[in-house]
Amino acid sequence: MSGTYLLQNLIDGISLGSIYALVAIGFSMTYSILRLINFAHGDILMIGAYSGLFIMVAWQLPLWASLLGAMIFAAFVGMLVERIAYRPLRGSNEEATLITSLAVSIFIENLGIMVLSPQPRGFAIPKFLTKLHTINEITISNMTILIISLAIILMLVLTYFVICTRMGVAMRACSENINAARLMGVNINKVVACAFAVGSGMAAVAGIMLAGQYGRIEPLMGFVPGLKAFIAAVIGGIGSIPGAALGGYVLGLSEILLVALLPAAYSGYRDAFVFIILILVLLFKPAGLLGTLEGRKV
Amino acid sequence: MKKITAFLLTLVMVFAMAGCGEQKDAAKDNEAAAGETIKVGAIFNLTGAQASLDGPSLNGFKLAAKEINAKGGVLGKQIEVISIDGKTDQTSATNAALKLAEEDKVVAMAGFSDSNYALAAGPTAQEAGIPFITTGATLPSLPEQVGDYFFLAPFGDDAQAYAAADYAVEKLGSKTAYILKDTAMDFTMNLAAYFEERFKKYNGEDAILLEDTFKTNDQDYSAQINRLKAMKTKPELLFISSGPSDCGIIVKQVREAGIDIPIISGDGFDTPLLIELGGEGANVDTYFATHTCLTNEKELVKNFVTAYQEEYSREPENGFAALGYDTMYLIADAIERANSEDPTAIRDAIAETQGFEAVTGTISYEPGNRVPKKSVSVLKVEDGKFAFVEEVTP
Amino acid sequence: MLSRRDKLYTGIALIIFLGLLGILNNTLSGYHMRLINLIGINIILVVSLNLTNGFCGVFSLGHAGFMAVGAYVSAILALPLTKKALVLPELPTWLGSIEVNFLLSLIIGGLVAAFFALLIGYPVLRLSGHYLAVATLGFLIIIQVLITQLSHITRGARGINGLISYTNVWWVWGTVIVTIYAVWRIVNSSYGRGMLAIREDDLAAESLGINLTSHKLLAFCVGAFFAGVGGALWGHLITVVNPLSFDSNRTFNLVVMSVVGGMGSITGGVIGATLMTIVPELLRNLEVGITIFGMSIPPLYGLSQIILAGALILVIFFRPHGLVGNWEFNWNFLKKSKNISKTTQNL
Amino acid sequence: MDTVKKNKIVLSVEGITKKFKGLVAVDNYNLQLPEGEIIGLIGPNGAGKTTVFNMLTGIFPPTEGKIMLAGSDITGFRPDHIVQRGIARTFQNIRLFSNLSVLENVVIAAQIRKKYGFISTLCSSASFTKEENELITKAEEYLEALGIAEYKEQKAKNLAYGIQRKLEIARALATNPLVLLLDEPAAGMNPQESIDLMHTIRKLKDEFNLTVILIEHDMKVVMNLCERLQVLSYGKILAEGTPEEIRNNKLVIDAYLGRSTASA
């Protein structure tokens with residue numbers, strides 16, 4: 001096994017991991033505040049990808065504008081979903097919110113099939129992004145570079161937002177203890193709406209990156225990344241934003257590296273190995289890599 | 001608590017009554033209407049993961065029914081297509097087949113592009129004694145597994161895989177091959193196995209240098225491609241056994257990694273997505289064996305494409321649309337020849353079909369074989385379009 | 001414990017119910033009987049899921065995985081030898097040369113599923129909440145991968161078809177009665193109370209001498225056993241099993257049924273399974289095109305799922321703990337006096 | 001003191017220490033507890049009293065030290081094993097099974113000694129029915145003993161605070177313990193309720209032949225009930241002795257008692 005082979009796979013794994021990380025972060029944000037497993041998060045990603053395509057094709061706008069537009073639209077949809085489906089259940093039991101999010105997911109997916117047709121569509125990205133660079137037999141496209149760097153930039157922006165802005169502080173307060181935050185005068189509705197907006201916006205970016213990388217979108221495209229985001233968030237320590245990012249990279253890298261390092265006959269076992277790793281991580285760190293175990297309070 | 005019980009009981013009763021009432025009325029209607037139309041059942045997965053294949057099939061199927069009705073129908077009666085969504089779920093598929101057989105009293109059924117669902121619904125039709133023609137499932141052993149009421153409209157996987165192997169060896173001169181196959185699909189596994197068998201027959205046991213796998217919708221194939229790039233002896237041919245949803249992405253990623261070896265595959269590649277997603281990559285030496293070439297100059301094909309465009313304001317999405325279209329005509333032809341609405345008579349008529357000219361080739365069932373002997377078209381991608389290369393009968 | 005009177009009522013109700021089934025079996029169409037059988041299978045699956053998820057509070061998403069194990073084991077065992085040689089030629093000889101009767105294959109299927117539950121449960125059940133949910137979902141995916149890959153035993157993605165349709169109304173509803181009885185016995189015993197205590201407060205439960213691991217494992221394994229049996233019945237109803245038959249959607253479906261009915265109650269499981277089997281089938285009737293005043297509306301496929309999702313959200317809004325919550329069916333409504341029976345009965 | 005000496009030691013704790021990530025919560029705690037004694041554990045908030053209970057009941061295994069119950073070493077045992085050996089407890093913040101009935105709460109504790117197996121559960125065998133009935137009778141006895149039998153059909157979460165406290169004690173008693181640990185049983189009670197509780201505990205001690213460790217802030221309760229007191233401060237034992245000795249201990253007054261006696 002040559003060094004270049006390994007390096008190539010590392011780059012590919014980081015690229016895939018960046019997308020998972022973006023989805024997982026949004027997933028984890030809403031979880032940390034509401035303890036809500038939002039299965040509809042992946043479908044927001046789908047909506048983001050479709051709106052991005054629409055902006056590029058119908059209005060002939062460049063990629064950056066479509067990214068921005070998709071973020072705004074997805075943020076709006078995210079807030080709408082929260083307002084309609086999740087807010088009335090605030091403070092309710094976990095199972096109820098879980099089922100509601102499943103229902104929202106079924107709703108969006110089938111609405112997508114009805115309105116957008118189940119046919120996959122091509123998602124063409126500007127030519128300069130498909131350009132390949134080859135260094136030492138390692139190929140890397142501009143798209144991959146864009147994905148990796150955009151993920152890093154968004155994470156830095158998010159970190160700034162969470163640490164330095166009033167809303168960010170309020171968000172952290174809510175995730176520590178939502179009732180205490182409420183008593184301290186934090187407007188919970190605003191914070192939750194904001195978390196949904198930010199999370200959905202990031203999912204939209206991930207959606208466009210995913211569509212751009214693989215060139216295809218379809219109404220059910222959100223299901224798998226949504227599930228992966230859930231897993232990534234859990235690996236990292238559900239509710240922890242840096243954890244979600246880390247979990248995304250771990251998941252992306254292990255998916256690629258497992259196939260790369262195992263003999264070809266075992267490629268089909270990839271998902272099984274990924275989950276075995278996941279279960280092992282949880283057994284040794286029951287609260288995920290960066291999660292804090294909510295100790296048994298006596 | 002009493003209130004809840006009462007509420008629930010009422011709810012259950014209302015539902016039960018609604019259900020019974022509705023179905024009884026429907027049953028009555030059926031009997032009254034039995035003389036007026038000939039009912040044909042269509043079970044396609046219109047939602048869920050299979051929707052992109054089955055949707056166009058149903059469109060083609062309905063289009064054909066419309067055309068037949070416009071020309072006066074069969075046996076002087078109009079054809080009524082009763083379509084039920086299989087929801088990409090085996091339970092729903094069998095429920096639908098039972099409903100069509102028992103509630104709607106259809107004389108024949110058609111549907112599905114994947115053998116998993118055909119295998120679930122087929123036995124139900126078999127038991128009810130109603131002929132079932134699968135529009136798109138290509139597993140050659142299906143009729144044998146289900147029974148004598150089950151037919152394939154397309155050729156079997158063996159035919160297309162052999163055609164691909166023949167073409168690769170004879171025309172492309174390939175001596176060694178690499179196989180990438182989707183392990184999550186019955187179809188891709190079979191296709192790869194038949195290709196391997198034929199290719200080894202020509203070039204010896206060691207002709208397949210590497211076999212790698214993926215799963216439907218993996219989306220990222222870089223690990224497999226990196227392994228392919230790292231191979232010491234480069235293969236002369238890539239056989240990629242994938243379904244329509246993955247083929248474009250795979251071709252794109254393979255070509256982007258700088259691999260220019262010829263790619264060949266089966267009808268899974270017969271989708272505009274191959275060109276749309278494969279982009280420039282698909283233009284490089286990409287071949288596949290399939291049912292028909294929609295850019296073919298044949299009268300039948302041209303008429304179908306125009307009619308489809310008129311009806312649905314878009315090009316046929318893929319070859320499955322043509323297969324759906326052909327299946328309806330095949331059923332209508334059988335009813336006409338049977339001169340009866342009796343499912344068994346129709347079954348016998350289907351089995352006797354000889355030289356039936358269809359968009360996807362000429363359909364004949366040899367005695368005892370319910371997989372048609374059909375010609376296979378080999379296509380190539382050229383300037384962003386499918387170009388006809390040759391037609392073979394393996 | 002049931003009082004004499006309650007036993008009498010239950011017995012009478014059972015006889016009436018079985019008689020009714022017999023009559024329906026002879027009068028209803030195959031399609032309607034199919035629905036009745038599916039309701040029964042879903043009741044088996046959901047009631048057993050409620051034991052784990054609802055009574056013990058171990059929120060598992062692996063139920064479809066146990067279904068898969070049971071369905072495959074029973075399918076391979078009960079397949080007639082002649083067919084086995086044809087369909088599964090690569091089976092190890094000892095497996096390829098036995099054919100067991102259906103009942104035995106159901107039981108073995110359930111037991112193997114329970115054994116898998118033991119294997120996965122022992123390490124995983126120390127997790128809690130969403131971590132456990134993901135780990136059990138992982139188990140489901142691992143099972144799916146194994147079934148896909150071990151093609152010499154399972155035929156991989158091709159699945160095993162041509163199963164004999166053994167499953168009929170008596171097998172299904174017989175198993176329903178056994179399942180409900182077993183779960184009801186467990187719930188009303190020290191084991192069940194231990195599970196309830198763990199659900200309410202695991203630390204307090206442990207401090208009162210309840211062995212968390214063994215109770216959780218018991219709930220998990222019994223749940224898996226019936227999931228395996230339910231899966232085997234399902235397989236022999238549809239007559240074909242493949243890896244895609246048991247995906248995460250199926251697990252989610254079962255969880256939805258369980259939550260809609262009420263997780264912490266057998267009654268809830270029965271109601272949830274019944275409603276969520278019938279309603280989607282009824283909604284199908286909406287998916288036909290209609291012609292009004294010459295305007296034809298094409299059939300909108302996916303509409304039934306959308307309506308169902310909307311209805312689901314409404315149910316959860318108004319009854320977050322499901323339609324019946326933790327309430328159990330009992331015969332008290334037949335009693336005139338208001339005082340509640342002496343002991344703590346749940347049924 | 002003489003009466004105490006006569007009885008044999010039921011619980012012996014030797015130098016248990018608990019560290020959380022370097023922080024020492026309890027440092028070298030010792031206790032020799034003779035049968036039938038009520039000992040009080042007092043100290044300011046955060047002194048480590050509840051941590052001592054958690055170590056004794058196995059919720060946190062001690063970092064160092066040894067716990068002997070009735071002559072056998074139970075250090076590091078799991079909570080459920082320790083209860084079976086005979087240490088039961090109540091919690092500072094009540095931890096009832098709130099959606100279950102009062103009777104069920106106590107039956108769950110009483111079933112620690114049940115013998116029937118899984119098969120007889122499924123068959124509803126005679127031994128099963130007999131034992132279940134015994135369990136219920138036993139649980140009802142404990143409810144009677146605490147005078148809360150009238151609530152047995154109610155859900156635990158619907159009870160008044162004081163009754164919830166009593167239910168928790170009944171539940172702990174139902175495990176038939178040698179040693180009972182009570183964590184602030186009088187917290188949140190009014191003076192009259194506290195006095196009632198005092199009488200109840202004394203009565204239970206005699207009736208069930210109990211040995212009790214009591215954490216309590218209410219000095220009236222502690223001084224009246226306990227034969228001996230331990231004062232904990234910053235995880236260490238500051239003083240130990242009879243209530244009289246503690247009341248006059250300079251160190252204790254400075255660290256802790258001064259304020260509360262003054263205010264009491």
Side-chain angles (χ1 to χ4, degrees), chain A residues 1-2 4-9 11-13 15-16 19 106 109-110 113-114 117-125 127 130-132 134 137-141 143-144 210 213-216 218-221 223-225 252 255-271, chain B residues 45-56 87-88 178-184 210-230 244-246 248-253 255-259 271-281 314 317-318:
Chain A
M1 196 169 308
S2 65
T4 50
Y5 178 71
L6 199 64
L7 196 60
Q8 177 79 62
N9 281 305
I11 292 171
D12 294 330
S15 160
L16 185 63
I19 293 173
I106 297 171
E109 281 173 10
N110 284 288
I113 285 182
M114 260 168 67
S117 109
Q119 291 303 320
R121 286 161 208 238
F123 190 98
I125 42 169
K127 278 269 180 300
T130 54
K131 200 172 165 262
L132 294 178
T134 309
E137 284 182 48
I138 294 172
T139 45
I140 181 165
S141 71
M143 188 70 204
T144 310
L210 205 61
Q213 180 82 320
Y214 305 127
R216 180 175 68 122
E218 53 166 333
L220 300 182
M221 68 182 281
F223 181 73
V224 173
E255 282 189 358
I256 299 278
L257 289 179
L258 276 172
V259 177
L261 300 179
L262 290 169
Y266 292 99
S267 296
Y269 286 96
R270 187 190 74 180
D271 286 354
Chain B
N45 291 321
L46 303 163
T47 51
Q50 287 279 320
S52 64
L53 304 184
D54 280 17
K87 298 183 183 171
T88 316
Y178 160 94
I179 295 178
L180 179 64
K181 66 183 177 191
D182 183 347
T183 54
L210 182 68
E211 242 186 289
D212 215 337
T213 60
F214 67 100
K215 265 175 50 216
T216 317
N217 283 328
D218 269 358
Q219 302 229 332
D220 195 297
Y221 310 95
S222 37
Q224 287 90 341
I225 292 169
N226 292 339
R227 196 195 329 266
L228 167 62
K229 273 175 78 180
S245 56
D246 300 278
I249 304 171
I250 298 177
V251 170
K252 174 173 175 256
Q253 290 183 18
R255 295 303 186 219
E256 275 179 2
I259 299 169
T271 160
L273 289 169
L274 176 64
I275 293 165
E276 221 173 290
L277 309 187
E280 279 306 305
R314 55 175 181 265
E317 288 88 344
N318 49 38

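Throughout, protein chains are lettered first and strands after them, A, B, ... in sequence-line order, and every chain is numbered starting at 1.
If you measure heavy-atom distances from A:Tyr266 to chain B, you find no contacts under 4.5 Å at all. If you measure heavy-atom distances from A:Ile106 to chain B, you find no contacts under 4.5 Å at all. The contact between A:Ile256 and chain B is made by backbone and side chain atoms together, counting heavy-atom distances below 4.5 Å. For a residue to count as touching a neighbouring chain, one of its non-hydrogen atoms must lie under 4.5 Å from one of that chain's; by this rule B:Gln253 touches chain A with the side chain only. Proximity to chain B is absent for every atom of A:Glu255, based on heavy atoms less than 4.5 angstrom apart. The part of B:Leu46 that comes within reach of chain A is its backbone (N, CA, C, O), which places non-hydrogen atoms under 4.5 angstrom from that chain.
With rounding to the nearest 0.5 Å, the separation of CZ in A:Arg216 from CD in B:Glu276 is 11.0 Å. Residue B:Thr183 holds its OG1 atom at 10.0 Å from CZ of A:Arg270, rounded to the nearest 0.5 Å. The CD atom of A:Glu109 sits 10.5 Å away from atom OG1 of B:Thr47, with the distance rounded to the nearest 0.5 Å. In this structure, B:Asn226 CG and A:Ile138 CD1 are separated by 9.5 Å, a value rounded to the nearest 0.5 Å. Atom CG in B:Leu53 sits 8.0 Å away from atom CD in A:Gln119 (nearest 0.5 Å).
Side chains of A:Tyr214 and B:Asp220: a donor-acceptor N/O pair is present below 3.5 angstrom, by distance only.
Each of B:Gln224, B:Arg227, B:Lys229, B:Glu211 has some count of heavy-atom pairs under 4.5 Å with chain A, and the biggest count is that of B:Arg227. Your options are A:Pro219, A:Gly268, A:Pro120, and the one with the most heavy-atom pairs under 4.5 Å with chain B is A:Pro120. Contact tally against chain B (heavy-atom pairs below 4.5 Å) for A:Ser117, A:Pro118, A:Gly13: the top residue is A:Pro118. Each of B:Ala51, B:Gly248, B:Ala230, B:Ser245 has some count of heavy-atom pairs under 4.5 Å with chain A, and the biggest count is that of B:Ser245.
Across every non-hydrogen atom of A:Asp12 and B:Ser222, the tightest pair is OD2-CB, 3.1 Å. Among all heavy-atom pairs drawn from B:Ala223 and A:Asn9, the shortest one is CA-OD1, 3.6 Å. Of all the heavy atoms in B:Thr213 and A:Ser267, the pair that sits closest is OG1-CB, 3.1 Å.
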